[in-house]
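Note that ligands are numbered from 1 as they come in the structure, with each ligand's atoms numbered from 1 the same way. Each residue takes its place number in the sequence, starting with 1.
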Amino acid sequence: MTNVMNERISLAGDKYSGFAIFMHWLIAVLVLAMIPIGIIMGSLDAGPLQDGLYTMHRSFGILVLMLMLVRLGYRLIHGAPPPEPTLNAAQRTVSHIVHMALYALIIAQALIGWAATSAYGAAISFFGLFTVPPILAKDEAISTSLFFTHELLGFTIAGLLVLHIGAALYHFVVRGDGVLQRMVP
Ligand code: HEM
Ligand code: HEM
């Protein structure tokens, strides 16, 4: 009886907080833009367009890192609402693993981009406002292997996002449950 009541209450009201929802969508837009910009900028001819995209990618990457650290701190302190009550144990476990992997890999990806660019010897301008200090000494071999890791991790994150967004749409369109609503204001 208590369980049924709890589930009813959960179904009716458990959502992420306004701050968690705001951070989710802000970072989602930034990361969904960072991936194609990262892929396109590498294939362009050298010139002002390529330079501009590099500056945007690095600046937004550092911004994503700062936002993700704030979001992670908030998540560790405030937690998340209990799982949507209609999910079975396997769905709860898989979604939890994908969410935690997204937190970890996006933070790692930004740190690796920062480290790779430092080792390459390029300055990182934060939207032209200030220069972000290097975190590694110049070293071509280290830079090459870090950029390779950055590329692999970029595709891994993109794959996880296909799963994540596909699952959200599946819940909304096919199952018609309350999963998507939890992350909508
Ligand atoms: C159209 C795009 C997207 C949709 C529809 C969507 C939907 C959702 C929903 C419904 C949840 C809550 C799931 C639950 O209650 O168990 C969620 C959580 C989450 N999403 Fe997304 N998402 C999208 C894009 C993204 C992107 C691009 C990222 C990464 C940058 C992302 C990262 C996360 C993370 C890390 C969580 C877990 C939040 C937490 O528990 O603290 N999402 N998303
Ligand atoms: C969450 C944040 C980030 C994401 C999702 C991301 C994603 C990507 C992706 C998908 C690529 C294309 C890889 C390829 O096909 O070669 C790329 C390239 C690149 N990223 Fe990032 N990145 C992020 C943060 C950063 C940061 C913080 C920096 C530096 C401060 C950075 C610097 C670069 C550079 C310089 C390249 C070009 C590498 C090359 O041309 O070989 N990235 N990024």
Minimum heavy-atom separation for I21 to Y16, with atom names? CD1-O, 3.4 Å
Does only the side chain of Y54 get under 4.0 Å from ligand 2, or the backbone, or both, or neither? Count heavy atoms. side chain
In the single-linkage hydrophobic clustering (I, L, V, M, F, W, Y; side-chain heavy atoms under 4.5 Å), do L49 and I39 co-cluster? no
Say whether T117, considering both its backbone and side-chain N or O atoms, lies within less than 3.5 Å of an N or O atom on ligand 2. no
May I ask you to decide if M183's main-chain N or O and W25's side chain share a donor-acceptor pair within less than 3.5 Å? yes
Using a 3.5 Å distance criterion without hydrogens, assess whether the side chain of H171 forms a donor-acceptor pair with backbone atoms of G176. no
Please check if the side chain of S59 supplies one atom and the backbone of M56 the other of a donor-acceptor pair under 3.5 Å. no
Could you tell me whether the side chain of R92 and the main chain of L87 form a donor-acceptor pair under 3.5 Å? yes
Please determine if H57 has a nitrogen or oxygen closer than 3.5 Å to a nitrogen or oxygen of ligand 2. yes
Backbone of Y120 reached by a side-chain donor or acceptor of E140 within 3.5 Å: no
Please tabulate, one line per pair, the protein N or O atoms found under 3.5 Å from any N or O atom of ligand 1, giving the distance to one decimal.
from	atom 1	to	atom 2	distance (Å)
ligand 1	15 (O)	R182	NE	2.5
ligand 1	15 (O)	R182	NH2	3.1
ligand 1	20 (N)	H24	NE2	2.8
ligand 1	20 (N)	H164	NE2	2.8
ligand 1	22 (N)	H24	NE2	2.9
ligand 1	22 (N)	H164	NE2	2.9
ligand 1	40 (O)	Y16	OH	2.9
ligand 1	40 (O)	R75	NE	3.1
ligand 1	40 (O)	R75	NH2	3.0
ligand 1	41 (O)	R75	NE	2.6
ligand 1	41 (O)	Y103	OH	2.7
ligand 1	42 (N)	H24	NE2	2.8
ligand 1	42 (N)	H164	NE2	2.8
ligand 1	43 (N)	H24	NE2	2.9
ligand 1	43 (N)	H164	NE2	2.8

Run the numbers for me: atoms of ligand 2, each under 4.0 Å from some heavy atom of I62, listed by number. 27 (C)
Heavy-atom pair with the smallest gap, counting every atom of V184 and L180: CG2-O, 3.2 Å
Atom of H150 nearest atom 21 (Fe) of ligand 2 (restricted to N/O/S, atom name only): NE2
